[in-house]
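In this text the structure is predicted, and so the values were computed from the model without any measurement.
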Amino acid sequence: MEVFALSPPVPVFPSRHSSLSVAATTSLPAGARKNQRVIRVPASSGTDRYHISGSGASRSSQSSSLDVTKTDGKRNPATPVNSSRQDAVAEVIQSPDWVSALSRLETKLQVQDLNIILRFFGKSKRWQDVSQLFNWMQEREMTNIASYSSFMKYMGESRNLIRALHVYSSIEDESTRNNVSICNSLLGCMLKDRKFESCIKMFNQMKENGLVPDLFTYSILLAGCAKVEHGYSQALELVEELESRGLHMDNVIYGTLLAICASHNLCEEAERFFQQMNAEGLSPNLFHYSSLLNAYSVDGDHKKADEIVKSMKSAGLVPNKVILTTLLKVYVRGGLLERSRELLIDLENLGYAEDEIPFCLVMDNLAKKGDVREAKICLNLCLHVAADGYSYSIMISAFCRNGQLKEAKELAREYETIYDKYDLVMLNTLLRAYCNAGEMENVMQMLRKMDALKISPDWNTFQILVKYFLKEKLYHLAYQTVEDMHSKGHQVGEELCSSLILELGKSGAPSEAFSVYNMLRYSKTTPRKSIHEKMLNILIGAKLFKNAYVVMKDNAEDISAPSLDKFAFSFMQAGNINMINDVVKALHRCGRKIDEEVLHIAISRYIARPEKEELLLHLLKWMPGQGYTLNSSSRDLLLKNSHLFGQRQLIAEILAQRNQG
DNA sequence: ATAGGGTTAG
């Protein structure tokens, strides 16, 4: 179905060309826009606030990230404000050399003042200063619960879990270590670092040591559940636990639960929690509705989605950008292209399509349905809005899937000229486009870029590269890439491995071929049977008999008789003499009748090396029991050369026994 | 007086 090509000439971007005033008038303070809870400060305490800002004039309830505000409700209004402490804090914060300012003003400052400075550094993301100041405070024992709590939080933000854990374990006072705020902030810090399992372990440990968790604790832990595989069952356990402690779930905890259901594709469970929260008298907000919609989007359940939007509206809530975007996702996944087109236009008219997200939703779906042309039209619409480049990634992948290599390559180049921005997904996408199009120089450039940006390749990257190097007959490069891939713990695809083994064999790199073969053998997937025979023939051709023997011995049932015979002949002629008997026995064990000619070669090898007499005797003694006799030429050869052997008497006896039999 | 949580794109 053509959606955009035939769409009526509706003005797609009505506000875009008019003026910039729209943007100016709709710019709200970040806090208000994001629906955050704003803590209102009573007017009377206004004079008690420390307030550092560039202009010194702004005093609004919104706080920019660099504001330092403080309220102190306990202070008696009659007491004059201790301005010298305020000034000292301001001086330290504003000083280019805060360390020396701090030591100068040390006597004037109390712990809570230092905490203000600590939070200022934290909000400014000056992690080095946060760390340094905290050390300074610890050395002077000028810390309290709040200092630790704030410090942990900033260690989480700066991704320094190690330091946070170190500081936590260095807390000597037991009641401080069990303080719920400090524990909560450390647990949050661990989740920021995606250490969910360790976080739960730590939580259990803390409880054993005497922590009494509160609603915050459960809120933090539940948030972690949304991002892990078995998060839902873990979440249920936590809910049960918090209820058994007499705590009650609030609006936000329900929001988290709904998000967990949505991310684990559990619609019915989401509905149940939704009803439960209603029954408890909590009224759902936009977050709850959007999580429900998100759950419905997985299967594109537009009926339920429409219902929920209806009831949301009748509850007096106005759908926002996220709600409508999620609804778009529902329509797109549900295959309602006409309705998704209409909704996209609504989004545009409402000013909610100022970034590429809604376009990406539609585009990806069109592309995956195979309607690449429509998707491209959608990409062109995207070009008029603030785009991050995701749209390019979708479209380039679509061209690649569709075999439109030239288009993919051109779009990749276009992306690079517009954006100088790379992440792993984008690099993989571009790499695939250049590889498919055979643009070697660009491929190498992407690899250099990846290296320079210290972005480590993932399974996709390796897979793309190995395929490409194979196609370009750069077998050694392909081999090195596979080695690299293997050493990084990635499973190498069976098909690529097999063709690489063959090519390496053909191009005179049998050892490398064998190394790839071994990766395949010890990988989780069982390789197809034919690979063993191919490997065996490569090794025989390269005279790598020892390895050939290993392959033959372990996979004889998957190797054809001619190949086994070829192996037997070749090994007897040139294989390690010490292994001749083993090879003979192994071939016999797997049901091959050893050819007389093969035995003859073996015996001539032994005659040429009389010091291997023991092995010869062993073979001669073994043969009759398995039904093998020497042919006449072998016997003649032995008799003629028996003078070479110390135990010629014994050899003669064995030959004589045979004559009788 | 510190800790916290939920929604959309490759």
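- Side-chain N/O atoms of A/Asn251 and A/Asn285 include no donor and acceptor closer than 3.5 Å.
- Side chains of A/Asn184 and A/Ser181: no donor on one and acceptor on the other come within 3.5 Å.
- Atoms NZ (A/Lys368) and P (B/dG10) sit 6 Å apart, rounded to a whole Å.
- Residue contacts shown for A/Ser181 include a base, since a base heavy atom lies under 4.0 Å away.
- Between the CG atom of A/Leu343 and the P atom of B/dA9 there is a distance of 15 Å, given to the nearest Å.
- For A/Cys360, taking side-chain heavy atoms from C-beta onward, the closest of the listed nucleotides B/dA9, B/dA3, B/dG10 is B/dA9.
- Within the nucleic acid shown, A/Ser149 comes within 4.0 Å of sugar-phosphate atoms alone, with no base atom in reach, counting heavy atoms only.
- The stacking criteria are not both satisfied for A/Tyr390 over the base of B/dA9, which would need a centre-to-centre distance under 5.5 angstrom and an angle between ring planes under 30 degrees.
- Residue contacts for A/Asp355: at a heavy-atom cut-off of 4.0 Å it reaches no nucleic acid atom on any strand shown.
- Here B/dG5 is the nucleotide among B/dG6, B/dT2, B/dG5 with the atom lying nearest to any side-chain atom of A/Lys192.
- The shortest distance between the side-chain N/O atoms of A/Lys153 and the OP1/OP2 oxygens of B/dT2 is not below 4.0 Å.
- Relative to the side chain of A/Asn294, the nucleotides B/dA9, B/dA3, B/dT8 differ in distance, and B/dT8 lies closest.
- Using a 4.0 Å heavy-atom distance criterion, A/Asp388 is classed as a base contact.
- Between A/Pro319 and A/Tyr289 the shortest side-chain heavy-atom distance does not fall below 4.5 Å.
- Distance CE (A/Met249) to P (B/dG5): 19 Å, rounded to an integer number of Å.
- Residue-environment remark: CD (A/Glu280) exceeds the threshold of 12 foreign heavy atoms within 6.0 Å.
- Between B/dG6, B/dT8, B/dA1, one nucleotide has an atom nearer to the side chain of A/Ala146 than all others, and that is B/dA1.
- A donor and an acceptor atom, one from each side chain of A/Tyr392 and A/Glu414, are located under 3.5 Å apart.
- Residue contacts shown for A/Ile220 are limited to sugar-phosphate atoms, with no base heavy atom under 4.0 Å away.
- Rounded to an integer number of Å, the gap from A/Tyr331 OH to B/dT8 P is 18 Å.
- Across all strands, A/Asp423 comes closer than 4.0 Å to base atoms (heavy-atom distances).
- Atom CD1 in A/Ile171 sits about 17 Å away from atom P in B/dT2, given to the nearest Å.
- When each of B/dT2, B/dA9, B/dG6 is scored by its nearest atom to the side-chain atoms of A/Asn285, the top-ranked nucleotide is B/dG6.
- Surrounding NZ of A/Lys369 are more than 12 heavy atoms belonging to other residues, nucleotides or ligands, all under 6.0 Å away.
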Task: CA sep, side-chain torsions, deciding dist, call: A/Met426, A/Tyr419, side-chain contact (heavy atoms from CB on, under 4.5 Å) - done: CA-CA 11 Å; A/Met426 203 62 223; A/Tyr419 305 91; over 6 Å; no

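- Within residues 256-273 of chain A, the residues that have a heavy atom under 4.0 Å from DNA chain B are, in order of number, A/Thr256, A/Ala259.
- Rounded to whole Å, the distance from OH on A/Tyr352 to P on B/dT8 is 17 Å.
- A/Arg194 CZ: 12 or fewer foreign heavy atoms inside a 6.0 Å radius.
- Side-chain proximity of A/Val252 to B/dT8, B/dG5, B/dA9: nearest is B/dG5.
- Residue-level contact check: A/Met395 touches neither bases nor backbone, having no heavy atom under 4.0 Å from any strand.
- One finds no side-chain N or O of A/Asn115 lying less than 4.0 angstrom from the OP1 or OP2 phosphate oxygen of B/dT2.
- Rounded to whole Å, atom P of B/dG10 lies 6 Å from atom CD1 of A/Ile394.
- Per the geometry, CG belonging to A/Leu282 stands 14 Å off C1' belonging to B/dG6, to the nearest Å.
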